[in-house]
Amino acid sequence: FAKAVELIGSGALLRDSALTAFEAISGFIIGTVTGSVLGLALWLSPMGAAVLRPYMIALNGLPKIALAPLVIIWFGIGLGSKIALATLITFIVAMIAAQQGAREVDSDWVKLMRSLGASRFKTWRTVIVPGAMPWIVSAFRLNVGFALIGAVVGEYIASNNGLGYMISYAGTLYDLNTVWLGIAALMVVALLMYAAIDWCEARFMKR
């Protein structure tokens, strides 16, 4: 508690929390939105989906954290590398979830649309996209943690700001109070992101 009062009073905790939250949220939005759109779009091209699927599986199985040093070199030590890492991790999860969700839509609905003369694009827009939304929302929730992982690992490797840097630096000094405080701040950021997803789902997806 004393350490929390100290870091909040100095502004360090709020500054580092805001920076990590910005990196994670930016990477989350970019990666999740682009991955979901691409995953859904693959339904329109079965050939493209068949060609890309092995690469998607391979990329998903690859520990993305292993790419962190490359991302740092490519994008530098600033915000860009942390956002890029969070984007990379969340993108593949969202793409696979969206594509699988599109494949799981009841085929009877697709056949009905075709019998009514609907184009493939109209079937995709009116049946596939709404039918895949539960999968996409599930990917959103998974990607909250992945986005924070990307941001924090980037801060571990090359940064002098953010909660990842705070935790890493405090760990080298065996300052467990600051380590626990940083972990608690990450949990608060994660809870706020989850709450935002729940609000969006209730507001836009359950009508």
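Computed from heavy atoms alone, side chains included, the values below leave out hydrogens, waters and symmetry copies.
Both V152 and V144 belong to a single network of hydrophobic side chains, linked directly or stepwise wherever heavy atoms of I, L, V, M, F, W or Y lie under 4.5 Å apart. Taking hydrophobic clusters as Ile, Leu, Val, Met, Phe, Trp and Tyr residues chained together by side-chain heavy-atom distances below 4.5 Å, L192 does not share a cluster with W199. Residues I149 and L191 are members of separate hydrophobic clusters, defined by side-chain heavy-atom contacts under 4.5 angstrom among Ile, Leu, Val, Met, Phe, Trp and Tyr. With hydrophobic clusters built from ILVMFWY side chains whose heavy atoms lie under 4.5 angstrom apart, W74 shares a cluster with F91. Follow the hydrophobic side-chain contacts under 4.5 Å out from I89 and you never reach I30; the two are in separate clusters.
Of the possible donor and acceptor atoms, one in the side chain of T20 sits under 3.5 Å from a partner among the backbone N and O of L163. In terms of modelled atom types and a separation under 3.5 Å, the side chain of T172 and the main chain of Y169 share a donor-acceptor contact. No donor-acceptor pair closer than 3.5 Å links the side chain of R120 to the backbone N or O of S45. Judged by distance alone, the side chain of S36 and the main-chain N or O of V33 form no donor-acceptor pair under 3.5 Å. Formation of a donor-acceptor pair under 3.5 Å by the S17 side chain with backbone atoms of L14 is not found in this model. Between the side chain of W124 and the backbone N or O of L40 there is at least one donor-acceptor pair closer than 3.5 Å. Using a distance-only test at 3.5 Å, with no hydrogens or angles considered, no donor-acceptor pair links the side chain of S168 to the main chain of G164.
Side-chain contact between Q99 and L52 is absent, with no heavy atoms from C-beta onward closer than 4.5 Å. Using a 4.5 Å cut-off on side-chain heavy atoms (C-beta onward), L112 and S115 make contact.
A94 approaches A139 most closely through the heavy-atom pair CA-CB, 4.2 Å.
Among M166, E6, K3, the single residue meeting the side chain to side chain contact (heavy atoms under 4.5 Å, CB included) criterion with L13 is M166.
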